[in-house]
Amino acid sequence: MAAKQSHRVGDHPLVKWTLIIVTLLLTSILLVVPLVGIFHQAFALGAAHYWASIADSYTLHAILLTLFVAALTVPLNLVFGIMLAWAVTRFQFPGRKLLMTLMDIPFAVSPVVAGLLYLLLYGRNGWIGSWLDEHSIQLMFAWPGIVMVTVFVTCPFVARELIPLMQQHGREEEEAAVILGASGWQVFRRVTFPNIKWALLYGVILTNARAVGEFGAVSVVSGSIRGETNTLPLHVQLLYQDESVAAFASASLLAGIALLTLIIKALVEWRQSRQDKLANAEPLVVADKVGS
Amino acid sequence: MSSSVVNSNDMRRPRHKRVLPGLGLTLGTSVLFISLILLLPLSGLVMQTAEMGWERYWFVITDPQVVASYRLTLVSALWASLFNGVFGLLLAWVLVRYEFPGRRLLDALVDLPFALPTAVAGITLATLYSDEGWYGGWLSGELGIQVAYTPLGVVIAMAFTSIPFVVRTVQPVLEEMAVEEEEAGMTLGASDWTVFRRILLPSLWPALVTGAALSFTRSLGEFGAVIFIAGNMPYVSEVTSLMIFMRLQEFDFAAASAIASVVLGVSLLLLLLINIWQARFLRRFQGR
């Protein structure tokens with residue numbers, strides 16, 4: 001069978017297919033079965049029961065609150081991500097490396113610690129919180145607190161997607177556009193944006209996925225009041241303690257969002273690689289893009 | 001918006017390289033944003049722990065139950081990242097080197113642990129590995145291995161949430177790797193394993209270590225996925241994140257902050273080390 005000597009490591013069919021089968025088997029055990037398990041449990045008592053769990057008023061409130069939090073968080077971090085990526089990839093300034101390291105901190109910080117940081121500062125005993133309390137503004141154990149910690153936890157995603165791409169593209173096209181008389185906004189909209197739109201979309205999708213699913217940080221600052229400050233992941237936890245089928249029904253919605261995220265990611269990667277191929281194939285005419 | 005600023009800049013300093021507008025706006029916004037959402041809250045933690053006094057601080061962070069949680073968290077995170085080092089390398093290898101039906105699907109699936117909310121991962125793993133679950137029933141019935149409510153459960157939850165790190169750091173390096181050395185080794189008659197160990201692994205090593213370190217850092221702070229399967233038994237299966245959470249529920253903010261400062265210190269140190277390691281590795285990589 002192996003009469004022909006293979007030229008790269010692991011090219012032998014026996015090695016190749018053993019590795020592929022082992023990988024597929026492990027992936028099924030570790031990833032696929034847990035995913036299928038969510039939907040299996042959610043529908044354990046039938047579709048009618050499933051819909052009844054979703055249509056529960058507390059569940060509906062949790063869904064709406066979660067969407068509301070994501071709707072505030074994503075645009076905020078989108079703007080921040082673009083600003084930061086522009087600053088660190090288009091200019092050299094002292095502290096640039098430090099800024100990029102600081103941006104990574106939310107990824108390294110435990111979500112519970114993130115929640116704690118905000119509780120200490122804005123809670124009733126915190127030095128900003130006590131001042132707010134005197135003016136009867138409550139941020140913690142209310143939706144603003146949930147939004148604040150979610151912004152913290154998700155803030156690196158957009159910038160992290162954009163920075164490598166914008167660094168790779170360089171700033172020549174944008175500089176040419178400025179010399180040709182384009183304003184800052186025009187440069188961004190006509191030159192930068194078309195190059196980064198897929199990475200931007202992916203950053204938004206990741207931010208959204210994490211904003212919708214954040215658990216640790218939110219559970220510290222939310223107080224988990226049903227019908228008030230209970231987001232969908234917290235609702236899953238509350239339900240899991242007494243009626244696990246209903247918990248899995250709510251969890252299946254979050255799993256659905258996760259699957260959608262993976263699908264969009266695969267599409268974005270496909271578009272991005274096609275765009276890169278096109279960009280390599282034909283020289284870009286910058287003046288054409290800025291003109292009109 | 002700031003084209004006039006750029007023009008005046010150009011006139012005053014004609015040889016200056018800065019042509020693009022927006023430095024003030026974008027840098028200003030970024031610094032303000034990072035100060036408000038990151039540095040200000042961090043200062044709150046520093047102040048809270050500074051108020052405590054050294055003796056009380058030391059007492060809180062060396063409480064035997066807390067120390068047991070450090071040990072569990074560190075050891076579990078270590079096992080989880082070791083497992084992911086091997087499994088992640090295997091996944092990256094198979095995804096880059098081979099064509100087979102379902103490859104793209106597998107590639108997309110790798111990111112599931114990042115996309116799936118941790119609480120959802122937590123309850124599905126806890127159910128699977130419980131005694132009535134698909135895995136747990138078989139493992140405890142046939143093999144006598146108890147997973148739920150044991151440290152092993154913690155390892156499994158940590159490993160699940162950090163699978164993508166190693167794959168996504170090793171994959172690009174494996175894709176870019178030059179084939180000449182590898183082919184030379186093969187032509188000279190070395191076995192697959194020898195070429196892999198002597199030629200491929202040394203090039204993959206920095207990315208592998210980076211990925212495993214990221215996976216380790218993530219596992220140290222993991223909360224949502226762990227608490228359901230761990231069962232949270234004092235001294236046995238309580239992770240440090242949970243200790244912080246419990247102190248907060250007792251409204252003991254000072255103790256929560258003290259333990260959090262330990263966790264935060266370790267995470268930041270790891271982040272710094274990873275950054276230094278990556279910078280060194282990138283220099284070597286580009287230097288070639």
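Lettering of chains follows the sequences in order, A, B, ..., and the numbering in each one begins at 1. Keep in mind that what you see is a predicted model, and the values were worked out from it rather than measured.
Neither the backbone nor the side chain of A/Ser252 comes within contact range of chain B; no heavy atoms are under 4.5 Å apart. If you measure heavy-atom distances from A/Glu214 to chain B, you find no contacts under 4.5 Å at all. Contact annotation for A/Thr192: neither backbone nor side-chain heavy atoms come within less than 4.5 Å of a heavy atom of chain B. When heavy atoms are compared at a cutoff of 4.5 Å, A/Leu24 approaches chain B solely by way of its side chain, counted from C-beta outward. Residue A/Ile257 does not touch chain B at all, counting heavy-atom pairs closer than 4.5 Å. Within the 4.5 angstrom heavy-atom criterion, atoms from both the backbone and the side chain of A/Val220 approach chain B. For a residue to count as touching a neighbouring chain, one of its non-hydrogen atoms must lie under 4.5 Å from one of that chain's; by this rule A/Phe188 does not touch chain B. Interface residue A/Leu120: only side-chain heavy atoms are found under 4.5 Å from chain B. Looking at A/Lys265, only its side chain comes within 4.5 Å of chain B, counting heavy atoms on both sides. In this structure, chain B has heavy atoms under 4.5 Å from both the backbone and the side chain of A/Phe152. Heavy-atom distances place the side chain of A/Leu121, and not its backbone, under 4.5 Å from chain B. No part of A/Phe107 comes within reach of chain B, as not one of its non-hydrogen atoms sits under 4.5 angstrom from that chain. Both the backbone and the side chain of A/Gln237 come within less than 4.5 Å of a heavy atom of chain B. Interface remark: A/Asn208 contributes no atoms to any contact with chain B (heavy atom separation under 4.5 Å).
The candidate from A/Trp17, A/Phe215, A/Phe80 with the greatest count of non-hydrogen atom pairs under 4.5 Å with chain B is A/Phe80. Ranked by non-hydrogen atom pairs under 4.5 Å with chain A, the options B/Val195, B/Val31, B/Asp107, B/Val179 are led by B/Val179. Of the residues considered (B/Trp134, B/Phe114, B/Phe196), B/Trp134 shows the highest number of contacts with chain A, using heavy-atom pairs under 4.5 Å. Highest contact tally toward chain A, considering only B/Phe253, B/Phe87, B/Tyr98, is held by B/Tyr98 [criterion: heavy-atom pairs under 4.5 Å]. Chain A forms the most heavy-atom pairs under 4.5 Å with one residue out of B/Ser261, B/Gly221, B/Gly44, B/Ala121, and that residue is B/Gly221. Chain A forms the most heavy-atom pairs under 4.5 Å with one residue out of B/Ala256, B/Ser30, B/Gly28, and that residue is B/Ser30.
The salt bridge (charged side-chain N to carboxylate O under 4.0 Å, His left out) contacts involving residues 110-124 of chain A comprise A/Arg124-A/Asp133, where partners must be two or more places apart or lie in separate chains.
Looking at B/Asp192, its side chain does come within 3.5 Å of a backbone N or O of A/Gly10 through a donor-acceptor pair.
Nearest heavy-atom pair across B/Thr26 and A/Ala87 is OG1-CB, 3.5 Å. Across all their heavy atoms, B/Ser257 and A/Leu116 have their closest contact at CA-CD2, 3.9 Å.
Rounding to the nearest 0.5 angstrom, the gap separating the OH atom in A/Tyr118 from the CG atom in B/Leu45 is 13.0 Å. From B/Leu20, atom CG reaches atom CD of A/Glu175 across 5.0 Å, with rounding to the nearest 0.5 Å. Interatomic distance, CD1 of B/Ile163 versus CG of A/Leu31, reported as 4.5 Å (0.5 Å rounding). Atoms CG and CG, on A/Leu259 and B/Leu112 in that order, are 7.0 Å from each other to the nearest 0.5 Å. Here OG1 of A/Thr23 is found 7.5 Å from CG of B/Leu106. Values are rounded to the nearest 0.5 Å. Rounded to the nearest 0.5 angstrom, A/Phe248 CZ and B/Ile123 CD1 are separated by 4.0 Å.
Residues A/Val112 and B/Val263 fail the side-chain proximity criterion, which asks for heavy atoms closer than 4.5 Å. In this structure the side chain of A/Leu30 never reaches within 4.5 angstrom of the side chain of B/Phe160, judged on heavy atoms. Looking at heavy atoms from C-beta onward, A/Val33 lies in side-chain contact with B/Tyr135 at the 4.5 angstrom threshold. Between B/Thr124 and A/Gln41, every side-chain heavy-atom pair lies at or beyond the 4.5 Å cut-off. In this structure, A/Val22 and B/Val94 have side chains that are not in contact, with every pair of non-hydrogen atoms separated by 4.5 Å or more.
For B/Glu182 and A/Arg8, the salt-bridge test passes: some basic side-chain N is under 4.0 Å from an acidic carboxylate O.
By the salt bridge (Lys or Arg N to Asp or Glu O under 4.0 Å) test, A/Arg96 pairs with no residue at all, sequence neighbours left out.
Between A/Tyr240 and B/Phe228, the two ring planes are perpendicular [angle over 60°; tilted spans 30° to 60°].
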